[in-house]
Amino acid sequence: MIGYENTLGTVEVSQEYFANLIGKAASECYGVSGMVSSTYQGFKSAITNRDILDKGVRVKTADGKLIVDIHIAVTYGVNINAIVESIVHNVRYTVESCTGFSVAKVNVFVDEMNS
């Protein structure tokens, strides 16, 4: 759970919600052919027998702000720099508008290239 305290009480948001929200925002960007999962997330997907959106997403907090790590696969022949800038902008906007949490950094790792 990631949370913060305000005058009305404590707000807590689950890690799974963040991962699904960020996975959907990143997947919608042009040139992203998919998310690349970690070993644990690949095992979870195999057991549940369904594709999970949160694969390849990790959210941490530092000084009350979020640090987001995203692992993606891109389509061959597209400008990787443009894709990454689009993902950073889209993820930051989506997270801040949907949750109210500030995003300090969005790290995008291009792990695969698909044709």
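The shown structure was predicted, so the numbers you read here are calculated from the model rather than taken from an experiment.
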Quiz item: Under 3.5 Å, side chain of Glu112 to main-chain N/O of Val74, donor-acceptor pair present?
Solution: no

Quiz item: Donor-acceptor pair, Asn20 side chain versus Glu16 backbone, under 3.5 Å?
Solution: yes

Quiz item: For the hydrophobic clusters of this structure (ILVMFWY residues joined by side-chain heavy atoms under 4.5 Å, transitively), does one cluster hold both Tyr17 and Val68?
Solution: yes

Exercise. Identify the heavy atoms of Ala25 and Asn90 that sit nearest to each other, and give their distance.
Key: O-ND2, 2.8 Å

Self-check item: Separation of Asp111 CG from Met35 CE (nearest 0.5 Å)
Solution: 10.0 Å

Practice problem: Give a yes or no on whether the backbone of Thr94 and the side-chain of Ser97 come within a donor-acceptor separation of less than 3.5 Å. | Solution: yes

Practice problem: Give, for atom CD of Glu85 and atom CD1 of Ile80, the distance between the pair rounded to the nearest 0.5 Å. | Solution: 12.5 Å

Quiz item: Once you round to the nearest 0.5 Å, how far does OG1 of Thr99 lie from CZ of Phe18?
Solution: 4.5 Å

Practice problem: Could you check if a side-chain atom of Cys98 sits within less than 4.5 angstrom of a side-chain atom of Leu21, using non-hydrogen atoms only? | Solution: yes

Quiz item: Nearest 0.5 Å, what's the CD1-CD distance between Ile87 and Glu28?
Solution: 11.5 Å

Quiz item: Which heavy-atom pair separates Asn114 from Ala73 by the least distance, and what is that distance?
Solution: ND2-CB, 3.6 Å

Quiz item: Checking side-chain contact (heavy atoms from CB on, under 4.5 Å) for the pair Lys60/Asp69: CA distance, chi angles, key distance, verdict?
Solution: CA-CA 8 Å; Lys60 301 175 279 194; Asp69 294 335; 3.3 Å; yes

Self-check item: Residue pair Ser33 / Thr75: nearest heavy atoms and the distance that separates them
Solution: CB-OG1, 3.7 Å

Quiz item: Which distance, rounded to the nearest 0.5 Å, do you find between the CG of Asn107 and the NE2 of His71?
Solution: 8.5 Å

Exercise. Verify, without hydrogens or angle tests, whether Ser86 (side chain) and Ala82 (backbone) share a donor-acceptor contact under 3.5 angstrom.
Key: no

Exercise. Would you name the heavy atoms of Met113 and Tyr76 that are closest together and state the gap between them?
Key: SD-CD1, 3.3 Å

Quiz item: Between Ala62 and Ile67, what is the shortest heavy-atom contact and its length?
Solution: CB-CD1, 3.7 Å

Quiz item: Linking I/L/V/M/F/W/Y whenever any side-chain heavy atoms sit under 4.5 Å apart, do Ile22 and Val110 land together?
Solution: yes

Quiz item: Within the side chain of Asp63, is there an N or O that forms a donor-acceptor pair under 3.5 Å with the backbone of Lys65?
Solution: no

Self-check item: Transitive ILVMFWY side-chain link Tyr30 to Ile70, under 4.5 Å
Solution: yes

Quiz item: Under a 4.5 Å side-chain heavy-atom rule over Ile, Leu, Val, Met, Phe, Trp and Tyr, are Val59 and Tyr93 clustered together?
Solution: no

Quiz item: What is the minimum heavy-atom distance between Arg58 and Gln15, and which atoms define it?
Solution: C-NE2, 4.4 Å

Quiz prompt | Nearest-0.5 Å distance that lies between atom CZ in Phe109 and atom CD1 in Ile72 | solution = 11.0 Å

